[in-house]
Amino acid sequence: MFYKWNAPFNDSPELWLTLGGDRSHSRKYPQASQWIQLAAPQQSISGEVTDCSFSLSSPPHLSGGNNHWRFDIQNPGLKKLTVLTEISCPDGSHMDFSNHTYSEKERTSIDFTVNQEGTYAIRATLLDTEKNAVQSQKEWNLEYRGIEQEKEFLKQKLSDIKEGLRKNTGLNEPVLDNFINQLDSLQGRVVMLESEKKMDNRKSSGNPVENLRNEIERLSQMVAAAAQDSATKSFAVYQSNPWAYFHPEETLPDSGKLCRRISSQLCIDEYDSQALMIMNYVGKTLNIRAWCDPFKQGEKTLGTSCLQLRESIVVPTVRGEDVADALPLLNQAGLIVAPRDEARQLWLTFNSTGLEPGKYSSTLHLKTVEPVPSMISIPIELEVADLKMPDESPLRFCVWANAEKEPDYILKDLVEHGVNVQFASTPTGTCNAQGSLTGTIDFSAHDAAVKRLSPYGIILFIGPQHFLTGAEQFSDGWNIAFVEFMREWASHLKLLGLGYDDYAIYPYDEPASPFSQTSINLAKVARLIRQADPSIQIYANPTSGTTMDSLKMWEGLVDIWCPAIELLDRFGDEILPFAKQNGNETWYYDASGRARTLSCLGLFRWRFWHAWNLGLTGVGWWTYKYGNYLWDGFNPNDDYFSHVYDAQDAIITSKRWEAAREGIEDYEILFLLKELIRQAEDAGYSSDTLNDARQILSKTPQSVENTLAAVGRRLPLTTDSVPQYEAATESIDSARAQILSACLKLKGELSEQNQTGH
């Protein structure tokens with residue numbers, strides 16, 4: 001009998017048994033008469049002093065039915081770690097789990113079913129996977145006594161809740177009434193258990209004891225938070241990580257994160273996203289109005305355009321899960337509807353466009369609409385640094401959006417989110433078999449598109465070979481006519497004011513396997529374009545079966561290389577040097593499905609740090625929007641590639657789309673630091689500040705990329721993932737603050753040197 005258990009990081013046969021963890025693979029197969037022990041390589045106890053540690057997030061306890069245990073892992077060294085959990089059951093059977101991590105801080109969890117009375121021996125081991133060395137180990141022997149134990153546990157939890165309410169008599173009366181009503185209801189349900197003599201602990205959402213236990217745990221956490229944070233209010237406002245998992249019912253307050261102040265530091269022309277959690281503590285739905293005062297700079301009063309208030313809305317995924325992703329602006333009244341005992345996430349988008357450097361202040365107000373309202377006011381501090389984001393981004397950003405035919409508000413949204421690769425209509429022409437163009441080339445749609453889009457980045461023209469008709473494609477006559485067609489087109493673009501750097505020809509989408517018809521035809525079209533005008537840029541985005549043989553077919557024929565990320569993963573060490581040596585620009589792109597659950601940090605922010613570290617000048621993915629109804633998808637089976645949502649005469653952004661904009665800004669601020677270092681070196685300047693800036697630029701980008709990669713490409717749809725996202729967010733915020741500080745110091749010293757001449 002052979003078992004292949006899930007192994008972390010790489011599919012190594014040596015680790016299959018050592019790191020077994022899929023609980024569906026127990027140590028007994030159905031036909032076996034007895035349980036077996038599988039041999040495993042010996043694990044050594046690490047002799048090194050380690051800063052890795054792990055602990056249970058709550059005291060160990062066994063309950064009938066499903067048990068959810070959470071481990072909090074501290075891993076400052078970003079090692080590849082695994083928590084191995086082995087559970088020996090009273091009948092001698094075993095359950096094994098492996099949870100893998102290399103994040104700095106992470107909460108991981110296991111779910112296991114308890115359905116036998118007796119003693120459970122549980123051992124959790126924190127393992128350095130690369131060295132197969134134990135970092136730490138914990139053991140528990142826990143007794144499960146069936147329904148009597150359940151009753152005792154639930155009664156004790158209810159007693160603790162009641163005592164907590166008794167000690168906090170200053171609670172808002174409606175909040176207190178809500179908690180007492182819930183407490184009375186839960187106590188009544190526990191009393192009903194008195195008649196039960198045994199339990200059916202099969203794992204099921206219909207297990208009444210398990211459901212009751214979960215409701216009591218939820219009430220306990222809400223009471224603890226409300227007692228500390230909501231003494232006189234019907235709701236409370238907490239800090240909320242904008243990029244982490246959030247769910248109105250599952251996300252519960254953390255009393256240590258009450259929001260008392262909102263602060264943001266931006267460069268000029270930069271955006272910043274923050275989020276707050278609003279928790280309703282009363283037994284009714286609350287309408288909460290949110291607004292902010294005009295911003296002030298000293299005695300000068302400004303408007304509120306530098307801050308937009310949005311609400312994160314839960315949308316379905318292609319697999320039927322829930323994810324809070326859509327970010328519509330608050331309605332005309334600024335109302336947030338918060339059902340009883342649920343949370344809502346308020347999204348804040350800061351925008352420093354047009355602001356002068358300096359400090360600005362305002363106040364965010366949240367007030368319930370009820371006879372005796374509750375109101376919370378939170379001061380806002382906005383600091384705009386004396387550093388301007390580049391007028392023209394050093395990064396090409398492409399999401400295959402056909403803005404030519406879209407309303408103005410969509411083009412505006414694309415530009416505001418950094419999209420600077422546009423697509424415009426190709427002119428049309430006809431020819432005869434002798435190779436002469438017949439009639440005039442039709443530039444009408446083309447010219448309108450160029451006029452509209454050319455101010456907003458480079459234009460890609462797709463498949464011009466398909467727009468010259470009249471003779472068979474690639475026949476001798478057609479080839480002659482196509483060369484003339486391209487020459488006239490290039491001359492026409494010059495008349496429209498476009499230089500060769502302002503556009504490129506995109507003959508075929510995703511050429512793949514070597515010697516396929518598309519790959520061969522790309523070479524044919526590119527040679528004809530080179531013959532027409534060698535300065536015309538040609539774009540190619542190879543994917544899938546591409547090999548170095550494919551690339552050599554296009555050597556000298558492609559100016560902008562944009563390989564799929566799968567090619568970088570497969571043979572980036574070969575393709576990137578080739579592309580950089582044989583082209584003007586090198587980008588990369590991907591087309592990840594189930595887009596709504598892609599990680600804002602682990603993919604959307606990561607993409608841009610990855611591009612910087614590889615020395616690339618372009619990033620893209622499929623796609624901005626796809627289909628006509630973006631809330632459910634193009635059809636019931638669509639893979640949700642879209643990154644925005646539609647509304648009446650408006651486009652609604654998403655968390656992913658905001659994360660993309662912040663990723664572009666990450667890239668741009670790295671570029672600013674690099675430029676300041678270059679300016680200092682060109683001027684022969686030398687200082688400790690310059691040396692520090694060099695160190696930051698050489699080390700920080702790779703460190704941040706590693707941190708973001710450790711988060712993972714897909715958002716875990718559980719609140720257990722929040723600590724990992726908070727740690728990663730703190731890390732990237734700290735890195736950004738370091739980079740900004742280095743820019744400001746170096747800029748200041750260079751300015752002083754220019755003024756004094758020393």
Which atoms form the tightest heavy-atom contact between [X] and [Y], and what is the distance?
{"X": "Thr689", "Y": "Leu746", "result": "CG2-N, 3.8 Å"}
{"X": "Asp646", "Y": "Ile652", "result": "O-CD1, 4.1 Å"}
{"X": "Ile376", "Y": "Ala236", "result": "CD1-CA, 4.0 Å"}
{"X": "Met279", "Y": "Pro253", "result": "SD-CD, 3.9 Å"}
{"X": "Ala338", "Y": "Asn280", "result": "O-ND2, 2.9 Å"}
{"X": "Phe604", "Y": "Leu598", "result": "CE1-CB, 3.6 Å"}

Testing the 3.5 Å rule here: is there a donor-acceptor pair between the side chains of [X] and [Y]?
{"X": "Tyr245", "Y": "Glu250", "value": "yes"}
{"X": "Arg713", "Y": "Ser599", "value": "no"}
{"X": "Gln537", "Y": "Asn584", "value": "yes"}
{"X": "Gln679", "Y": "Tyr685", "value": "no"}
{"X": "Gln702", "Y": "Asn706", "value": "yes"}
{"X": "Asn241", "Y": "Glu726", "value": "no"}
{"X": "Thr707", "Y": "Glu104", "value": "no"}

> For Trp243 and Trp347, what are the C-alpha separation, side-chain angles and deciding distance, and is it a ring pair (Phe, Tyr, Trp, His ring centres under 6.0 Å)?
Replying inline: CA-CA 11 Å; Trp243 317 118; Trp347 191 275; 5.5 Å; yes

Less than 4.5 Å apart, side chain to side chain, heavy atoms only: is that true for [X] and [Y]?
{"X": "Ser741", "Y": "Lys745", "answer": "yes"}
{"X": "Leu670", "Y": "Ile739", "answer": "yes"}
{"X": "Leu355", "Y": "Asp269", "answer": "no"}
{"X": "Ile336", "Y": "Leu330", "answer": "yes"}
{"X": "Tyr589", "Y": "Asn541", "answer": "yes"}
{"X": "Ile677", "Y": "Leu697", "answer": "yes"}

>> I'd like to know whether Glu106 forms a side chain to side chain donor-acceptor pair (under 3.5 Å) with Thr101, so could you lay out the CA-CA distance, the side-chain angles of the two residues, the decisive distance to 0.1 Å, and finally the verdict.
In response: CA-CA 7 Å; Glu106 186 170 346; Thr101 175; 2.2 Å; yes

SB check [X] [Y] (cutoff 4.0 Å):
{"X": "Lys747", "Y": "Asp386", "result": "yes"}
{"X": "Arg678", "Y": "Glu675", "result": "yes"}
{"X": "Glu381", "Y": "Lys359", "result": "no"}
{"X": "Asp72", "Y": "Arg107", "result": "yes"}
{"X": "Arg661", "Y": "Glu665", "result": "no"}
{"X": "Glu668", "Y": "Lys674", "result": "no"}
{"X": "Glu585", "Y": "Lys580", "result": "no"}
{"X": "Glu681", "Y": "Arg694", "result": "yes"}
{"X": "Arg452", "Y": "Glu404", "result": "no"}
{"X": "Glu662", "Y": "Arg605", "result": "yes"}
{"X": "Glu270", "Y": "Arg736", "result": "yes"}

Could you tabulate the donor-acceptor pairs under 3.5 Å formed by side-chain atoms of residues 290-307, not counting sequence neighbours?
{"residue": "Asp293", "atom": "OD1", "partner": "His365", "partner atom": "NE2", "Å": "3.2"}
{"residue": "Asp293", "atom": "OD2", "partner": "His365", "partner atom": "NE2", "Å": "3.0"}
{"residue": "Gln297", "atom": "NE2", "partner": "Pro357", "partner atom": "O", "Å": "3.4"}

Distance, nearest 0.5 Å, that separates [atom1] of [X] from [atom2] of [Y]:
{"X": "Tyr271", "Y": "Ser264", "atom1": "OH", "atom2": "OG", "value": "13.0 Å"}
{"X": "Ser103", "Y": "Gln74", "atom1": "OG", "atom2": "CD", "value": "11.5 Å"}
{"X": "Lys655", "Y": "Asp325", "atom1": "NZ", "atom2": "CG", "value": "7.5 Å"}
{"X": "Asn75", "Y": "Ile73", "atom1": "CG", "atom2": "CD1", "value": "8.0 Å"}
{"X": "Asn420", "Y": "Leu453", "atom1": "CG", "atom2": "CG", "value": "12.5 Å"}
{"X": "Leu366", "Y": "Ile378", "atom1": "CG", "atom2": "CD1", "value": "6.0 Å"}

Side-chain ([X]) to main-chain ([Y]) donor-acceptor, under 3.5 angstrom:
{"X": "Gln422", "Y": "Tyr456", "value": "yes"}
{"X": "Asp322", "Y": "Val314", "value": "no"}
{"X": "Arg289", "Y": "Ala333", "value": "yes"}
{"X": "Ser721", "Y": "Pro716", "value": "yes"}
{"X": "Arg656", "Y": "Ser642", "value": "yes"}
{"X": "Thr653", "Y": "Trp657", "value": "no"}
{"X": "Thr368", "Y": "Ser374", "value": "yes"}
{"X": "Glu356", "Y": "Val384", "value": "no"}
{"X": "Thr251", "Y": "His247", "value": "yes"}
{"X": "Ser654", "Y": "Ala326", "value": "no"}

> Could you walk me through whether Thr349 and Gln308 pass the side chain to side chain donor-acceptor pair (under 3.5 Å) check?
Replying inline: CA-CA 5 Å; Thr349 303; Gln308 288 183 327; 4.9 Å; no

>> Parallel, tilted or perpendicular: which one describes the rings of Trp621 and Phe608, with boundaries at 30° and 60°?
In response: perpendicular

>> Which label fits Tyr238 and Tyr281: parallel for a plane angle under 30°, tilted from 30 to 60°, or perpendicular past 60°?
In response: perpendicular

> Which pairs pass ring pair (Phe, Tyr, Trp, His ring centres under 6.0 Å) with one or both residues in residues 658-677, sequence neighbours excluded?
Replying inline: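 Non-adjacent pairs meeting ring pair (Phe, Tyr, Trp, His ring centres under 6.0 Å): Trp612-Tyr667.
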
> Under the side chain to side chain donor-acceptor pair (under 3.5 Å) test, which residues partner Arg594, sequence neighbours left out?
Replying inline: none

How about [X] and [Y]: are their ring centres within less than 6.0 Å of each other?
{"X": "Trp631", "Y": "Tyr645", "answer": "yes"}
{"X": "Tyr626", "Y": "His643", "answer": "no"}
{"X": "Tyr539", "Y": "Trp561", "answer": "no"}
{"X": "Tyr588", "Y": "His610", "answer": "yes"}

> For Asp688, does the CG atom have more than 12 heavy-atom neighbours from other residues, nucleotides or ligands under 6.0 Å away?
Replying inline: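 No, CG of Asp688 has 12 or fewer neighbouring heavy atoms, counting only those of other groups under 6.0 Å.
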
